[in-house]
Amino acid sequence: MSDRALPRTAAALAELRRARLPRSWYQRDVVTVARELVGCVLVHRQRAGIIVETEAYGGPEDRASHARFGPTPRAEVMFRAGGLAYVYLCYGIHEMFNVVTGPAGRGEAVLIRAIAPHAGLPDDVAIGRGPGKVTTALGLDRRHDRRDLSRGALFVAAAPASPPELGVGPRVGVAYAGEHWASQPLRFWWRDHPAVSKAR
DNA sequence: GCGGGGATTAACT
DNA sequence: GTTAATCCCCGCG
């Protein structure tokens, strides 16, 4: 895929659809998937954004993960085989989009924290940063919870260019998990990308 | 049921 | 640095 903003054409979307990642792609280690998602394209209907920041959340052993209480009604989807969406409401206000990873039973998922404009993503909607903005920019909410990313209008397309240089650091907003889990280097971002803040 | 708190954000002082 | 907005998840009794 090429340089400047693509027009919102059927051809551009068709190209993204051809690059759709298969279900098996997600069924690997959560850290591997979190790293490789940076630079890929998240697509919903006519909108798309380049993923520039992710966080890996592990299974029940990860005290920062929603899987820490086991397969509760909300987090049960995290324990299914990778390749499904996990969307939940945070602070009663913000919808958070994740992709489930690993084989069935693991309870892992990757939070998409930031995207950059791509074909079909209006600039005005993309203003602001953080995981809550990812969902508003792409028109995602809890109706997309548990959706299969290997079919339908919501999916991830393989990175159009060679993988970016990655920055690595601790996850954001998980102090409640204790120092060990809060300090793990499980956040990944496209180094020097303008859509990722310098403070991080 | 109740109560505590959260994978946030923008708008304050 | 502080705080409001806002809702539902989850553990416990």
Side-chain angles (χ1 to χ4, degrees), chain A residues 26 29-38 40 42 44 49 51-80 82-102 106-117 121-147 149 154 156 166-190 194-200:
Chain A
Y26 301 94
D29 172 71
V30 66
V31 171
T32 301
V33 175
R35 296 176 64 96
E36 295 187 13
L37 276 172
V38 177
C40 291
L42 180 57
H44 178 225
I51 297 169
V52 297
E53 186 179 4
T54 65
E55 280 178 358
Y57 285 87
E61 73 284 355
D62 182 351
R63 304 314 288 169
S65 173
H66 286 179
R68 67 189 182 278
F69 299 121
T72 60
R74 181 178 65 169
E76 172 271 332
V77 65
M78 291 180 70
F79 291 82
R80 299 197 204 178
L84 303 177
Y86 169 43
V87 185
Y88 69 93
L89 184 66
C90 187
Y91 289 96
I93 300 171
H94 306 288
E95 313 274 350
M96 312 283 271
F97 176 80
N98 305 253
V99 299
V100 175
T101 71
R106 288 286 280 275
E108 302 171 340
V110 175
L111 171 68
I112 308 302
R113 285 195 63 90
I115 57 176
L121 182 65
D123 288 345
D124 57 334
V125 194
I127 292 172
R129 281 191 16 266
K133 290 298 178 186
V134 171
T135 50
T136 55
L138 291 178
L140 298 171
D141 57 43
R142 277 166 292 171
R143 291 172 305 186
H144 301 93
D145 187 35
R146 306 181 183 199
R147 194 156 297 193
L149 301 177
L154 173 62
V156 179
L166 281 190
V168 182
R171 295 172 293 185
V172 174
V174 295
Y176 61 85
E179 192 191 330
H180 174 74
W181 288 105
S183 64
Q184 294 298 304
L186 294 174
R187 185 164 51 90
F188 308 98
W189 63 89
W190 186 321
V196 179
S197 96
K198 273 177 287 210
R200 299 171 175 175

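Computed from a prediction, not measured in an experiment: that's the story for all the values here. Every chain is numbered from 1 and lettered A, B, ... according to where its sequence line falls, protein lines coming before strand lines. Reckoned from all heavy atoms, side chains included, excluding hydrogens, waters and symmetry mates.
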*Asks:* In this structure, how many angstroms lie between the P atom of B:dG6 and the CZ atom of A:F69, rounded?
*Replies:*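 Those two atoms, CZ and P, are 10 Å apart.
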*Asks:* Expressed in angstrom and rounded to an integer, what is the separation of A:R63 atom CZ from B:dG5 atom C1'?
*Replies:*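 Answer to the nearest Å: 15 Å.
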*Asks:* Find the distance A:M78:CE to C:dC9:P and express it as a whole number of Å.
*Replies:*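 Answer to the nearest Å: 15 Å.
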*Asks:* Expressed in angstrom and rounded to an integer, what is the separation of A:E53 atom CD from B:dT8 atom P?
*Replies:*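 Atom-to-atom, A:E53 to B:dT8, this comes out as 10 Å.
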*Asks:* Hey, does the side chain of A:T72 come within less than 4.0 Å of C:dC10's phosphate (OP1/OP2), counting only N and O?
*Replies:*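 Yes, within the criterion.
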*Asks:* Roughly how far, to the nearest 0.5 Å, is OH of A:Y57 from CH2 of A:W181?
*Replies:*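 Nearest 0.5 Å value for the CH2-OH distance: 12.0 Å.
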*Asks:* If the P atom of B:dC2 is compared with that of C:dT6, how far apart are they to the nearest Å?
*Replies:*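 Comparing P positions in B:dC2 and C:dT6 gives a spacing of 22 Å.
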*Asks:* What is the distance, rounded to the nearest whole Å, between atom OH of A:Y86 and atom P of C:dC8?
*Replies:*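 Answer to the nearest Å: 14 Å.
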*Asks:* In whole Å, what is the span from the CD1 atom of A:I112 to the P atom of B:dT8?
*Replies:*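 Computing the A:I112:CD1 to B:dT8:P distance gives 14 Å.
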*Asks:* Considering every strand shown, what is the Watson-Crick or G-U wobble mate of C:dT6 when both distances are under 3.5 Å?
*Replies:*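 Across any shown strand, C:dT6 pairs with none.
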*Asks:* Looking for any heavy atom pair under 4.0 Å, which part of the strands does A:L89 touch: base, sugar-phosphate only, or nothing?
*Replies:*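 Counting heavy atoms under 4.0 Å across all strands, the contact made by A:L89 is with sugar-phosphate only.
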*Asks:* Over how many whole Å does the gap from A:M96 atom CE to C:dC7 atom P extend?
*Replies:*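 Roughly 17 Å, once rounded to whole Å.
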*Asks:* Taking A:Y86 as the fixed residue, which of A:R147, A:R146, A:H66 is the one that meets the side chain to side chain donor-acceptor pair (under 3.5 Å) rule?
*Replies:*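 Checked A:R147, A:R146, A:H66 against A:Y86; only one passes side chain to side chain donor-acceptor pair (under 3.5 Å): A:H66.
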*Asks:* What about A:Y91: does its side chain form a donor-acceptor pair under 3.5 Å with the base of C:dA5?
*Replies:*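 No.
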*Asks:* Side-chain N or O of A:R187 versus OP1/OP2 of B:dA7: is the shortest distance under 4.0 Å?
*Replies:*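 So the side-chain polar atoms of A:R187 never come under 4.0 Å of the phosphate oxygens OP1 or OP2 of B:dA7.
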*Asks:* Does the structure show a Watson-Crick or G-U wobble partner for B:dA7, both distances under 3.5 Å? Name it, or say none.
*Replies:*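 WC or wobble partner does not exist here.
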*Asks:* Distance check needed: B:dA7 P versus A:E108 CD, whole Å only.
*Replies:*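 Between P of B:dA7 and CD of A:E108: 18 Å.
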*Asks:* Let's see if you can work this out: which of B:dT9, C:dC10, B:dA7 has an atom nearest to the side-chain heavy atoms of A:P131?
*Replies:*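 Among the listed nucleotides, the one closest to the side chain of A:P131 is B:dT9.
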*Asks:* Using the side-chain heavy atoms of A:K133, tell me which of these nucleotides is nearest: B:dA10, B:dA7, B:dT8.
*Replies:*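 Closest nucleotide among those given: B:dA10.
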*Asks:* How is A:R74 classified with respect to the nucleic acid when contacts are heavy atoms under 4.0 Å: base, sugar-phosphate, or nothing?
*Replies:*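 Touches sugar-phosphate only.
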*Asks:* Could you tell me whether the side chain of A:T135 reaches within less than 4.5 Å of the side chain of A:D141, counting heavy atoms only?
*Replies:*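 No; the side chains remain at least 4.5 Å from each other.
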*Asks:* Is there a donor and acceptor pair, one atom on the side chain of A:H66 and one on the base of B:dA7, closer than 3.5 Å?
*Replies:*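 Such a pair exists between side chain and base.
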*Asks:* Could you tell me if the side chain of A:F97 sits less than 4.5 Å from the side chain of A:L154, heavy atoms only?
*Replies:*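 They are in side-chain contact.
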*Asks:* Determine if A:Y57 stacks with B:dA7; use a centre-to-centre distance below 5.5 Å and an interplanar angle below 30° as the criteria.
*Replies:*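 It does: the two rings, one from A:Y57 and one from B:dA7, meet the stacking criterion.
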*Asks:* Evaluate the side-chain proximity of A:V174 to A:R187: yes if any heavy-atom separation is below 4.5 Å, no if none is.
*Replies:*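 No, too far: nothing below the 4.5 Å cut-off.
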*Asks:* Using the P atoms only, state how far C:dG11 lies from B:dA7, rounded to an integer number of Å.
*Replies:*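 Those two atoms are separated by 13 Å.
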*Asks:* Take A:R142 and A:I93, find for each the nucleotide of DNA chain C with the closest heavy atom, and name the residue whose nucleotide sits nearer the 5' end.
*Replies:*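 The residue closer to the strand's 5' end, by nearest nucleotide, is A:I93.
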*Asks:* I would like to know whether A:R113 and A:E55 meet salt bridge (Lys or Arg N to Asp or Glu O under 4.0 Å); could you show each step before the answer?
*Replies:* CA-CA 7 Å; A:R113 285 195 63 90; A:E55 280 178 358; 3.6 Å; yes
*Asks:* Base, sugar-phosphate, or nothing: which does A:R68 touch, judged by heavy atoms less than 4.0 Å apart?
*Replies:*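 Counting heavy atoms under 4.0 Å across all strands, no contact is made by A:R68.
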